[in-house]
Amino acid sequence: MTMISTSLRPSLQLNAPFSLFLPPNHIGFPNGSLRFRKIWKHSMCLSLKTVNPVVGDGVLRINGKEALTGVPENVIVTPSVDTSAFLGAVSDEKSCRHVFKLGVLHLSEGGTPARFLIIDDGWQDTANEFQKEGEPCVEGSQFGARLLSIKENNKFRRTSKGDADEGPSDLKDFVTSIKRTFGLKYVYMWHALMGYWGGLHPNAPGTKKYNPKLVYPVQSLGIQTNIRDISMDSMEKYGVGMIDPAKIFEFYDDLHRYLDSQNVDGVKVDVQSLMETLGMGFGGRVSLTRQFHEALENSISRNFRDNSIICCMAHNTDSVYSSKVSAVTRASDDYYPKNKMSQTLHIAAVAFNSIFLGEVMVPDWDMFYSLHDSAEFHAAARAVGGCGVYVSDKPGHHDFEVLKKLVLPDGSLLRAKYPGRPTRDCLFNDPVMDGKSLLKIWNLNTLTGVIGVFNCQGAGTWPCTTTVPKNQNNAHPEESCLTERVSPVDIEFLDKVAGKNWTGACAIFSFNGGSLSTLPKNRSFNVSLKVLECEIFTVSPIRSYNQTVQFAPIGLTEMYNSGGAVESMDFTGNSSNCQLNIKGKGPGPFGAYSSTKPAFCTVNSKEVEFEFDNRDCFLTVIVPQKTNFWEIAIHFKS
């Protein structure tokens, strides 16, 4: 679940459907005359511990922090008491209904607003006969719980008139409220392929229409000898209320139509591999899986826009080959923040799984904690993974310095174009247990390549591995340091983004080192990392534009995937007077390799200062804050 924490929560509604009538005020005019008129105002209360509100230059600042931007001139703020202030708008017109635009609300204190939220397991109406209230928790019993209806449980709706002022009235009220409050664009809900872990309750009034029947999964010997999973073991023990295959589309259609009516945008469908354990008596696992997936995808297409589904626990080949429309699938095991041994395994596994899954779907690298010992390791991997980025932080527990390297102030990502996959020379190495190999993951942006290097050795072992290689230093993994060669040719298809005017050399920017160097495409350099350390290199082909100008954009140098900010570049002029026009997105320092010092630079047609280091030909231009999209023009004169 993606959580948002704020230190400043103004209580206001941007479209005000009513007005307050206040006493007449006198207005001065340039000719010195005075006129009296009524000013119609709508005001809202901002409740804080201490308030010092100021409106100026289109910005509302409270206690020095920006709360609203793009504030119109007719918006005013008036302190009330120490803990509140009135925010209002004035109008010359008398009306029974005024709609005022107050500005753009900022509700993220770290400047990395979330736009997408998954409400995970826990919202559904379920019952668990294997866990009695007041008794000690039975491990695994949660996977025996069954669905009672397609609607939300009591946590998401009011059950009596007595608590009418507390919490949302229903799921729609809750979803609509969090979208409005936090500026969310999408809200997805979790559910299992069979409705819930334990399927549907066979005798509940809300599920009887789907003819559920209690069946007991049978895991194959191959699964059991590879890895034991508590969820599958528990479902095998407690049984699953299986939906009648003839009723499966009706169930999905009812569920998704209801969620759509509640302002939900899509679903994350988990426990998909369960189907391969239920084929006996239903025509076999292949036929059964195909039938369920066809019904699922037909329902998604009917009820949600944009193919809004994330598949999960769907690595079995039957699920992959039956998913003809679904575009996103989890490519990893769960993220286990408390399991130190699993952090390196997570990154290595998802990268290698993406070799296959990346040809069929967009791999999902799962959530992570931004405030964690391994946060940088996970964040860097997702920056090169070409995947969506979401965190499961507790409210108030965030490392915004990590998040700011992934997320722009408008909530968007500098997302690489393809699934991140291991480089060719890593394919037959074991970056987790051979004690000598680093993991290299490559990807492409529009005009650059990117490669992440990770030391996944010494901190974990693959499942079902009983012995550890002698050359693996597990005694003091934090002290072990491994070295690997990195080259531009590690990035597949780099020549496709380089274009015809590529010189054959590359500008290479080290994110952690903050350094720029140049290298012929067939040469390599050494990278040395300790366990759970990583480095990201932006590799930008150096293009020749005339006899004097050779240039390679790096992008926003404070972002992990800096090259993801650059969307296009073109050259105009002649050998004596020319310019490069670069379009992109996001604020912050923009860096590039330039063989020649520019005469001057502009950002969105406004001349700005720049820095140029003659030693490494590193050009830096600052894109102002609050600039979502920009065009940088770099002018050269001979």
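Please read these numbers as outputs of a predicted model, since none were measured by experiment. One is the number of the first residue; the rest follow in order along the sequence.
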For the side chain of [X] and the backbone of [Y], is there at least one donor-acceptor N/O pair under 3.5 Å apart?
X	Y	result
Asp393	His398	no
Lys585	Leu413	yes
Thr538	Val450	no
Ser261	Tyr258	yes
Thr176	Asp173	no
His372	Pro337	yes
Lys179	Asn263	yes
Gln579	His635	no

### Message
Within the 4.5 Å heavy-atom criterion, are Lys626 and Pro409 side-chain neighbours or not?
### Response
no
Restricting to non-hydrogen atoms, name the atom on [X] and the atom on [Y] that form the minimum distance, rounded to 0.1 Å.
X	Y	answer
Met361	Pro419	O-CG, 4.4 Å
Leu406	Met559	C-CE, 3.7 Å
Val549	Leu580	CG1-CD1, 4.4 Å
Gly588	Leu556	O-CD2, 4.0 Å
Gly591	Phe618	CA-CE1, 3.8 Å
Ile347	Ala381	CD1-CB, 3.6 Å

### Message
Would you say the rings of His256 and Phe304 are close, in the sense that their centroids are separated by under 6.0 Å?
### Response
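Close enough - the centres of the two rings lie under 6.0 Å apart.
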### Aromatic contact, Tyr593 with Phe551 (centres under 6.0 Å)
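That pair fails the under 6.0 Å test.
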### Passing option when Ile310 is tested against Ile118, Val267, Val362, Asp270 for side-chain contact (heavy atoms from CB on, under 4.5 Å)
Ile118
### Query
Parallel, tilted or perpendicular: which describes the rings of Phe368 and Tyr335, with under 30° parallel and over 60° perpendicular?
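It falls in the perpendicular class, over 60°.
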### Task
Over 60° means perpendicular and under 30° means parallel, so classify the ring planes of Phe511 and Tyr560, tilted if in between.
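Judged by the thresholds at 30° and 60°, the geometry between Tyr560 and Phe511 is tilted.
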#### Entry: Neighbour count >12 (heavy atoms, 6.0 Å) for atom CD, Glu611
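No, the 6.0 Å shell around CD holds no more than 12 heavy atoms from other groups.
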### Task
Answer yes or no: is there an ion pair linking Glu558 with Lys404, defined by an N-O contact shorter than 4.0 Å?
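No, Glu558 and Lys404 are not salt-bridged.
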### Query
What distance separates Ser568 OG from Ile582 CD1, expressed to the nearest 0.5 Å?
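Here the rounded value is 9.0 Å.
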